[in-house]
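Contents: one structure, followed by commentary.
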Amino acid sequence: MADAVGNKVAKDYHLDISVPQDGFFAKGLGNTDWGMKNRLSRLFNPISGNSMMLAFDHGYIMGCTAGLERLDVSIAPLCPYADVLMGTRGAIRSCIPPTANQALCLRATHDSSVLFDDMSQGSGLALDMEDALRMNASALAIQCFVGGAGERDSLDALCRAADAGYRYGVPILGVTAVGKEMERTSKYFLLATRILAELGASIVKTYYCDEFEKVAAGCPVPIVIAGGKKLPEADALTMAYRAIQSGARGVDMGRNIFQSQHPIAMCQAVGKVVHEAFTDREAYQFYLHQINS
Ligand code: 5RP
């Protein structure tokens, strides 16, 4: 067993060496089964290699979040502009038409609600694979609290979900969640993203941070970023642009889209960064053009 103390500090991420493709476009996933690859090809566009995920799962801990009071009103019209819909089974079954043909990433853990002081206390599986397959899910999202009180339970949920995911060909998206007292540094995200991938996550979701290129390089499977709290549109596009430039394979963005005054235009602008190599400035110009035309 490696010692925690006295290890050499990781520093050479070989940023100049590209990762071999193993006959499949998604990093590190060339040795998975046909069904898993088929689902990954719905989650990530095989041409750009990237994904524009729309996250609206906030209600599972926050209740009626601003912008999500009526999912049928705020989210259903946005679906055609995203590649992936990320939500709970309750929200999707009740408010999203089954004719929406975007890939589904089902929120598959329950966590402490906002009534508790620190959400990092615990986590457990919120659905089983049979129901996920019934809903035609392309991925399951598992919240993990590396370094938090809920580390053990949440990593256990990740491992059990990964077992079921490999059995049925469903990729698991491991989410590096940060509780109240948990740091948001590159040092932390380097640790947490790698642990989730090593335990079986096929995709890892994290936050954008300094030295993000190291976080992306050190994670052997595709990384997507969460948006976080609402920013001015230009700043959110800059964050998305920097993340993609640094090796992220997409965004899983919520509040910066559905809390925008112009959510469809914002969703389209983020999509331009993710799939069409727009710079942040070009994407913001596109956003302004859409809202003024
Ligand atoms: C929380 C999540 C949310 O889906 C995620 O935070 C995305 O939403 P936002 O862009 O609003 O942060 O996974 O862990």
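- Annotation: cation-pi pair K214/Y13 absent, no NZ/CZ under 6.0 Å from the ring centroid and within 45° of its normal.
- To the nearest 0.5 Å, atom OG of residue S186 and atom CD of residue E211 are 4.0 Å apart.
- How far OG1 of T32 is from CZ of R39: 11.5 Å, rounded to the nearest 0.5 Å.
- R242 places a side-chain heavy atom less than 4.5 Å from the side chain of T238.
- In Y168, the OH atom is not crowded: 12 or fewer heavy atoms of neighbouring residues, nucleotides or ligands sit closer than 6.0 Å.
- No donor-acceptor distance shorter than 3.5 angstrom exists from the side chain of D280 to the backbone of A240, with no hydrogens or angles considered.
- Of the possible polar contacts, one joining the K27 side chain to the C219 backbone as a donor-acceptor pair under 3.5 Å is found.
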- Full working for side chain to side chain contact (heavy atoms under 4.5 Å, CB included) between Y208 and I223: CA-CA 10 Å; Y208 181 70; I223 281 207; over 6 Å; no
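- What you find for I142 and A161 is that their closest heavy atoms are CD1-CB, 3.6 Å.
- When side chains are defined from C-beta on, V251 does not count as touching V224, because their heavy atoms never get closer than 4.5 Å.
- Panel note: side chain T206, backbone F189; no donor-acceptor pair is recorded below 3.5 Å.
- At least one donor-acceptor pair under 3.5 Å links the side chain of E151 to the backbone N or O of G147.
- Looking only at side-chain heavy atoms (C-beta outward), R184 and C209 stay at 4.5 Å or farther from each other.
- The closest side-chain heavy-atom distance from V84 to L104 is not below 4.5 Å.
- Counting non-hydrogen atoms of neighbouring residues, nucleotides and ligands closer than 6.0 angstrom, the CG atom of D235 exceeds 12 such neighbours.
- Residues V19 and I203 fall into different hydrophobic clusters, defined by Ile, Leu, Val, Met, Phe, Trp and Tyr side chains chained together at heavy-atom separations under 4.5 Å.
- A perpendicular orientation is assigned to the rings of F278 and F286, their planes being inclined by more than 60° (bins at 30° and 60°).
- Ion pair D131/R93 flagged as a salt bridge, since at least one NZ, NE, NH1 or NH2 atom sits closer than 4.0 Å to an Asp/Glu carboxylate oxygen.
- Using a 30° and 60° split on the angle between ring planes, Y287 and Y284 fall in the parallel class, below 30°.
- The two atoms that bring A132 and L106 nearest to each other are CA-CD1, 3.9 Å, heavy atoms only.
- Distance check, rounded to the nearest 0.5 Å: CE of M52 to CZ of F44 gives 13.0 Å.
- Considering CD1 of I172 and CG of L199, their distance stands at 12.5 Å, rounded to 0.5 Å.
- In terms of modelled atom types and a separation under 3.5 Å, the side chain of R255 and the main chain of G227 share no donor-acceptor contact.
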- Message: What verdict does the side chain to side chain contact (heavy atoms under 4.5 Å, CB included) test give for Q290 and Q268, after you've listed the backbone C-alpha separation in whole Å, the side-chain angles of each residue and the deciding distance to 0.1 Å?
- Response: CA-CA 9 Å; Q290 292 300 98; Q268 290 175 304; 3.1 Å; yes
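- Between R42 and Q102, the side chains place no donor N or O within less than 3.5 Å of an acceptor N or O (distance only, hydrogens not considered).
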Distance-only check: which donor-acceptor pairs under 3.5 Å involve side-chain atoms of residues 74-81, not counting sequence neighbours?
residue	atom	partner	partner atom	Å
S74	OG	G67	O	2.8
S74	OG	R70	O	3.1

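- In this structure, F116 is not a member of the same hydrophobic cluster as V175, with clusters built from ILVMFWY side-chain heavy atoms closer than 4.5 Å.
- Counting heavy atoms from C-beta outward, M239 and L231 have side chains that approach closer than 4.5 Å.
- Taking hydrophobic clusters as Ile, Leu, Val, Met, Phe, Trp and Tyr residues chained together by side-chain heavy-atom distances below 4.5 Å, M86 does not share a cluster with L68.
- Heavy-atom minimum distance, D57 versus G87: CB-CA, 3.9 Å.
- Taking both residues in full, the closest heavy atoms of L43 and A103 are given as CD2-CB, 4.1 Å, listed atom of the first, atom of the second, then distance.
- To the nearest 0.5 Å, atom SG of residue C95 and atom CG of residue D72 are 5.5 Å apart.
- With Y60 as the fixed residue, the side chain to side chain donor-acceptor pair (under 3.5 Å) test singles out one of T88, T109, D111: D111.
- S202 is listed as a side-chain neighbour of L29, based on a closest heavy-atom distance under 4.5 Å.
- Between R167 and D163, none of the side-chain N atoms (NZ, or NE/NH1/NH2) sits under 4.0 Å from a carboxylate O, so this pair counts as no salt bridge.
- Contact between T279 and E282 at its shortest, heavy atoms only, is N-OE1, 2.9 Å.
- In this structure a side-chain-to-backbone donor-acceptor pair under 3.5 Å is missing from K205 to A226.
- Counting only distance, with no hydrogens or angles, the side chain of S260 and the backbone of N256 share no donor-acceptor pair below 3.5 Å.
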- May I have the step-by-step check of side chain to side chain contact (heavy atoms under 4.5 Å, CB included) for M253 and L54, ending in yes or no? CA-CA 5 Å; M253 197 175 258; L54 175 65; over 6 Å; no
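- Residues F56 and I92 have side chains in contact (heavy-atom distance under 4.5 Å, counting atoms from C-beta outward).
- Residue G49 comes nearest to R249 through the heavy atom pair O-NE, 3.6 Å, listed as atom of the first residue, atom of the second, then distance.
- The main-chain N or O of M129 is never found under 3.5 Å from a side-chain atom of R134 such that the two would form a donor-acceptor pair.
- Counted within 6.0 Å of NZ on K187, heavy atoms from surrounding residues, nucleotides or ligands total 12 or fewer; the atom is thus considered open.
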- Message: Assess the residue pair H58 and F258 against the criterion (ring pair (Phe, Tyr, Trp, His ring centres under 6.0 Å)); give the C-alpha distance rounded to whole Å, side-chain angles, the decisive distance to 0.1 Å, and a yes or no.
- Response: CA-CA 11 Å; H58 307 59; F258 62 70; 5.2 Å; yes
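- The distance from the OG atom of S48 to the CD atom of E276 is 9.0 Å, given to the nearest 0.5 Å.
- Within the 4.5 Å cutoff, no side-chain heavy atoms of D156 are placed close to those of R152.
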- Carefully, step by step, assess N50 and N45 under the rule side chain to side chain contact (heavy atoms under 4.5 Å, CB included). CA-CA 6 Å; N50 292 346; N45 179 321; 6.0 Å; no
